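Written out below as structure tokens is the structure these notes cover.
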Amino acid sequence: MEIKANKINGANAEIEAVISMDEVNANVEKIAKQLSKTANIQGFRKGKVPVAIIKKQYGQKLVEDAEAEALREVLSKGLDELNVSNDSLIGEPTISKFDKSDDKIEVAIKVAQRPEINLDDVDSLVPDFKKPEVTDKEVDERIKEIAEGQAPLVNIKRNRKMREGDTAVIDFEGFIDGKAFEGGAAENFELLLGSGQFIPGFEDQLIGVKRDEEVEINVTFPENYGSKDLAGKDAMFKVKVNQIKVKDEVEVNDEFAQKLLSKEDATVDELKTEVKKALEQEKLAKLYNEELKPKLLEALVEKIDFDLPEFVVDQEIDMAVNKKASTMSEDEIKELRENKEKLEELRESFRDEATKSVKATFIIDALAAKLGVKVEEQEVMQTIYFEAMQMGQDPQKAYDQYKDAGYLPAIQMSMVEDRVLTTLLNKKIEE
């Protein structure tokens, strides 16, 4: 067996070999002898089946197994020659050549290994930035918003005209072509004017109406309305205003602070301190997500240089091509199938982005190992549950949908990336 191992770069290698048919035949004999001890063939006692019968019974399967064993030997010896361990390999080795003749088999096996990435200068790539500051005015405004949110609704005593921001307590019934429609009526419904909760134009026509007045409101249901029976239809609503409510004023004092902080001896100053911390975190999160994290990831990909496993980049290109194909017409897809040059041109158009994406993945993976960043499956589940509950969805159903679609690894990787970049940026603050 002649073996030649060639290291293409830090992530890719190719092993070439010439396997003589004598070696393959020797493997056939060895496998047949082993099988003769365990095979159950009618007319022969177990362990006493002649090798010739085994060869006749299994024929081509023996040859295929013998060739496979020779290929495993080629791979093992080639990796030894390259000084590459099995643990460092990525994906399955690919047989790029298998030319069989009467006396020999010429093979070539491509292997890829996890690239070595030098992260010594990573900290220098983290952009300089200042921690966002929060003014006393911003703190006061946020506390005012919280107080207004906590304030109860109260009926106004003076029967004035309603304005935006008022809550109208109304009875209403809707009609299309003079007929009441299902789901178009309610009593003592509380509608915040200006909230956009109802059909466009409905709330606007209540502006200026007083308590105890009855009005007719004419609107048109949007074309994309959820009910097909109502979408795009003109409707008339009979509306009676029963009450007008406004937010009562809430005094910001120590009692209010104690309620919000769930602390008996809390003060307004303590509340301001906590609100200021929360605002600082909000501003910092916005700065991180909208500016610094994209900028940092771009710098990492641009400045850290290493070799990439070819097959991983090819897989990323395949996914991009498949995604593009899902938006193409049958004629366009047919043209790609019949024109290899055009297909290759399409593939190459995705190479740059695919390369950057794969490079970013390896960098984040290496940084996660260096920084000790991990995201367990339980955290992924909790994140999906939390987001589903915020959107009023069934958490378990949402999780199962992501799992069935195979999205969990991508979500987990996204969380790891976010945590890695956050860790690097936080270190910059601490400096």
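Computed from a prediction, not measured in an experiment: that's the story for all the values here.
- Between Asp314 and Arg351, the closest side-chain pair of non-hydrogen atoms falls below 4.5 Å.
- Between Ala5 and Gly78, the closest heavy-atom pair is CB-O, 3.9 Å.
- Counting all heavy atoms, side chain and backbone alike, Ala147 lies closest to Val250 at O-CG2, 3.7 Å.
- Tested against Lys272, the residues Asp254, Asp140, Asp136 include a single salt bridge (charged side-chain N to carboxylate O under 4.0 Å, His left out) partner, Asp140.
- Side-chain contact check for Gln396 and Asp400: at least one donor-acceptor pair (N or O, by modelled atom type) lies under 3.5 Å.
- In this structure the side chain of Arg337 never reaches within 4.5 angstrom of the side chain of Leu343, judged on heavy atoms.
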May I have the step-by-step check of side chain to side chain contact (heavy atoms under 4.5 Å, CB included) for Ile429 and Leu425, ending in yes or no?
-> CA-CA 7 Å; Ile429 291 179; Leu425 291 168; over 6 Å; no

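- Checked for salt-bridge contact, Asp123 and Lys428 miss the test: no charged N lies under 4.0 Å from a carboxylate O.
- Salt bridge status for Lys283 with Glu280: absent, with no side-chain N to carboxylate O gap under 4.0 Å.
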Give the intermediate values and the outcome of side chain to side chain contact (heavy atoms under 4.5 Å, CB included) for residues Leu89 and Asn86.
-> CA-CA 5 Å; Leu89 292 181; Asn86 280 308; 3.7 Å; yes

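- For Glu348, the CD atom is densely surrounded, since the number of other residues' heavy atoms within 6.0 Å is greater than 12.
- Remark: Lys359 is positioned above the aromatic ring of Phe306, its terminal NZ or CZ atom under 6.0 angstrom from the ring centre and at most 45 degrees off the axis.
- By the 4.0 Å N-to-carboxylate-O rule, Glu270 lies close enough to Lys263 to be salt-bridged with it.
- Here the options are Arg160, Lys210, Lys245, Arg211, the test is salt bridge (charged side-chain N to carboxylate O under 4.0 Å, His left out), and the partner is Asp166; only Arg160 passes.
- When every heavy atom of Glu203 is checked against every heavy atom of Leu192, the shortest pair comes out as OE1-O, 3.5 Å.
- For the 3.5 Å distance criterion, the side chains of Asp171 and Asn242 qualify, holding a donor opposite an acceptor.
- Atom CG of Asp265 has more than 12 heavy atoms from other residues, nucleotides or ligands within 6.0 Å.
- Taken to the nearest 0.5 Å, the NZ atom of Lys77 stands 14.0 Å off from the CZ atom of Arg72.
- Of the inter-residue distances, the one linking Leu408 atom CG with Met413 atom CE reads 15.0 Å to the nearest 0.5 angstrom.
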Could you walk me through whether Leu191 and Phe172 pass side chain to side chain contact (heavy atoms under 4.5 Å, CB included), step by step?
-> CA-CA 11 Å; Leu191 176 62; Phe172 64 86; over 6 Å; no

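- Of the inter-residue distances, the one linking Phe237 atom CZ with Ile170 atom CD1 reads 9.5 Å to the nearest 0.5 angstrom.
- Atom CD of Glu255 has 12 or fewer heavy atoms from other residues, nucleotides or ligands within 6.0 Å.
- With hydrogens and angles ignored, the 3.5 Å screen pairs a side-chain donor or acceptor of Thr422 with a backbone N or O of Asp418.
- Electrostatic pairing of Arg142 and Glu145 counts as a salt bridge here, judged by a charged N lying under 4.0 Å from a carboxylate O.
- Using a cutoff of 4.0 Å between basic side-chain nitrogens and carboxylate oxygens, Asp87 and Arg114 are not scored as salt-bridged.
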Salt bridge (Lys or Arg N to Asp or Glu O under 4.0 Å) between Lys238 and Glu214, worked out = CA-CA 7 Å; Lys238 291 182 179 180; Glu214 296 183 17; over 6 Å; no

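- Inter-residue side-chain proximity for Val241 and Val169 is flagged as unmet; no heavy-atom pair is nearer than 4.5 Å.
- Between Phe198 and Phe189, the gap from one ring centroid to the other is short of 6.0 Å.
- Looking at heavy atoms from C-beta onward, Val154 lies in side-chain contact with Val246 at the 4.5 angstrom threshold.
- Between the side chains of Lys334 and Ser329, not a single donor N or O lies within less than 3.5 Å of an accepting N or O.
- Annotation for Ala325 and Ile333: closest pair O-CD1, 3.6 Å, computed over non-hydrogen atoms.
- Nearest heavy-atom pair across Lys100 and Ile105 is CG-CG1, 3.8 Å.
- Checked against the 6.0 Å centroid criterion, the rings of Phe175 and Phe181 do not qualify as a close aromatic pair.
- Looking at every heavy atom in both residues, Ile143 comes nearest to Val252 through CG2-CG1, 3.8 Å.
- Atom CG of residue Asn289 and atom CG of residue Leu421 lie 10.0 Å apart, to the nearest 0.5 angstrom.
- Side-chain contact, Asn426 with Tyr288: a donor N or O sits under 3.5 Å from an acceptor N or O.
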Evaluate side chain to side chain contact (heavy atoms under 4.5 Å, CB included) for Glu345 paired with Glu341, printing each intermediate quantity in order.
-> CA-CA 6 Å; Glu345 183 181 327; Glu341 289 184 4; over 6 Å; no

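- Here the CZ atom belonging to Arg347 is positioned 11.5 Å from the CG atom belonging to Leu336, to the nearest 0.5 angstrom.
- Around CD of Gln150, the count of heavy atoms belonging to other residues, nucleotides or ligands within 6.0 Å exceeds 12.
- Between Phe350 and Lys324, the closest side-chain pair of non-hydrogen atoms falls below 4.5 Å.
- Remark: the backbone N or O of Lys374 is paired with a side-chain donor or acceptor of Arg419 at under 3.5 angstrom.
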